[in-house]
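Note sheet for the following structure.
This structure is a prediction, so every number in the text was calculated from the model and none was measured.
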Amino acid sequence: MFSYDFMQNAFIAGTIVSIVAGIVGTFVVARNYAFLTHSLSEIGFAGAAFGLFAGWPALLGMMFATSGASLAIGALESGNTKRDNVTSAISALAIGLGILFLALGHTSTTAATGILFGSVLGISRQNLWLLIVLAIVVIVTLLINYRSLRQLAFDEVGMFLQSRRQKSVRYIFLVMIALSVSISSQLVGSLLIFVLVTLPAASAKYYLTSTTKLMGLAVVFALFGTWSGLSLAYLTNLPASFFIAIIEVLIYLLSVWQFQKNA
């Protein structure tokens, strides 16, 4: 299996995606941003479609679209404007634009399917390097702002930060989610991004409470689903995203059952 370059690229990309998704997903779940993550996946679809239309890598277009949208959502959110309403409006516009760019660019069915469901088995070295750079940016940003991000996600009420600092941390967090969504799309596609960004972390919270341990277990769950899914995809010639989604959902259901059993 590993004698093929495309499988080597797939496992490298899958490992990178799982690590980033598991770490960032821990904060996403703690802050109840699952809906935002799902909406950013739809916005990412528009960005990827525009990227293909403009002759860019789909990942680059998705990165710009999700980052811009997350900042817009953060700027528009206020006490009188609920985040979910703002997010829904922007994602609805993005879906329409995505369909428009696919039509204008005469994008092939294969390329469109890759955007929606992922194409990790066909990832190029160019996209792999871009993926690595994005992952490094996300992880370094998290390490630099770890304490502030942890307070924002787990204890915003008791956050002893100045209002300006608190707002800047929120923007950093939103951009990190956007980049994580863009990275994860390479593995499971824009439609199934929430599978890796939310489910492993949601499963981990039933076992642990420490932030660092939560991130570690979320990464383990994401890696297990990814590696198993890629192996099954190679053996069966079926989409890797299908197997990854099934495995992560089963892990989550097992975690819920185990928690209820011991409650």
Requested in this report: With side chain to side chain contact (heavy atoms under 4.5 Å, CB included) as the test, would you mind laying out the steps for Y252 and V249 before giving the verdict?
Outcome: CA-CA 5 Å; Y252 176 74; V249 169; 5.6 Å; no

Requested in this report: Decide whether V29 and L152 are clustered together by the hydrophobic rule: side chain heavy atoms of Ile, Leu, Val, Met, Phe, Trp, Tyr closer than 4.5 Å, transitively.
Outcome: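 No; L152 is not reachable from V29 via cluster members.
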
Please give me the minimum heavy-atom distance between [X] and [Y], naming the atom from each residue.
X: I43; Y: S91; value: CG1-CA, 3.9 Å
X: T141; Y: N145; value: O-ND2, 2.9 Å
X: G22; Y: A218; value: O-CB, 3.5 Å
X: G225; Y: I247; value: CA-CG2, 3.6 Å
X: S231; Y: F11; value: OG-CZ, 3.6 Å
X: E248; Y: P200; value: OE1-CG, 3.6 Å

Heavy-atom side-chain contact between [X] and [Y] under 4.5 Å:
X: F50; Y: F45; answer: no
X: R31; Y: R170; answer: yes
X: T66; Y: V175; answer: no
X: Y234; Y: L230; answer: no
X: L199; Y: I251; answer: no
X: L149; Y: M176; answer: yes
X: S255; Y: Y207; answer: yes
X: L142; Y: F27; answer: yes

I'd like to check the ring pair (Phe, Tyr, Trp, His ring centres under 6.0 Å) partners of [X]; sequence neighbours left out, ordered by chain and number.
X: F64; value: none
X: F173; value: Y33
X: Y171; value: none

Query raised in the report: Counting only heavy atoms not in F224, do more than 12 fall under 6.0 Å of its CZ?
Result: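 It does not: F224 CZ has 12 such atoms or fewer within range.
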
Query raised in the report: Which pairs with one or both residues in residues 11-23 pass side-chain hydrogen bond (donor to acceptor under 3.5 Å, both in side chains), sequence neighbours excluded?
Result: T15-W227, S18-T226

**Report entry** Pairwise side-chain hydrogen bond (donor to acceptor under 3.5 Å, both in side chains) hits with a residue in residues 209-224, at least two apart
**Finding:**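 For residues 209-224, and leaving out neighbouring residues, the side-chain hydrogen bond (donor to acceptor under 3.5 Å, both in side chains) pairs sorted by first residue read S210-T212.
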
Query - side chain to side chain contact (heavy atoms under 4.5 Å, CB included) evaluation trace for L36 with L174 - result: CA-CA 9 Å; L36 174 62; L174 288 169; 3.5 Å; yes

To the nearest 0.5 Å, what is the distance between [atom1] ([X]) and [atom2] ([Y])?
X: L235; Y: M1; atom1: CG; atom2: CE; result: 7.0 Å
X: Y206; Y: Q258; atom1: OH; atom2: CD; result: 12.5 Å
X: L60; Y: L52; atom1: CG; atom2: CG; result: 11.0 Å
X: L130; Y: L134; atom1: CG; atom2: CG; result: 4.5 Å
X: I139; Y: L179; atom1: CD1; atom2: CG; result: 11.5 Å
X: L196; Y: T37; atom1: CG; atom2: OG1; result: 12.0 Å

Report task. Please lay out, stage by stage, how I12 and L128 fare under the test side chain to side chain contact (heavy atoms under 4.5 Å, CB included). Result -> CA-CA 8 Å; I12 294 172; L128 186 60; 3.8 Å; yes

**Report entry** S70 side-chain N/O to S67 backbone N/O, donor-acceptor pair under 3.5 Å
**Finding:** yes

Report summary line: In L143, V137, I144, the residue satisfying side-chain contact (heavy atoms from CB on, under 4.5 Å) with V140 is I144

Query - Remaining members of hydrophobic cluster (4.5 Å side-chain criterion), L254 - result: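 Besides L254, the cluster holds W257.
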
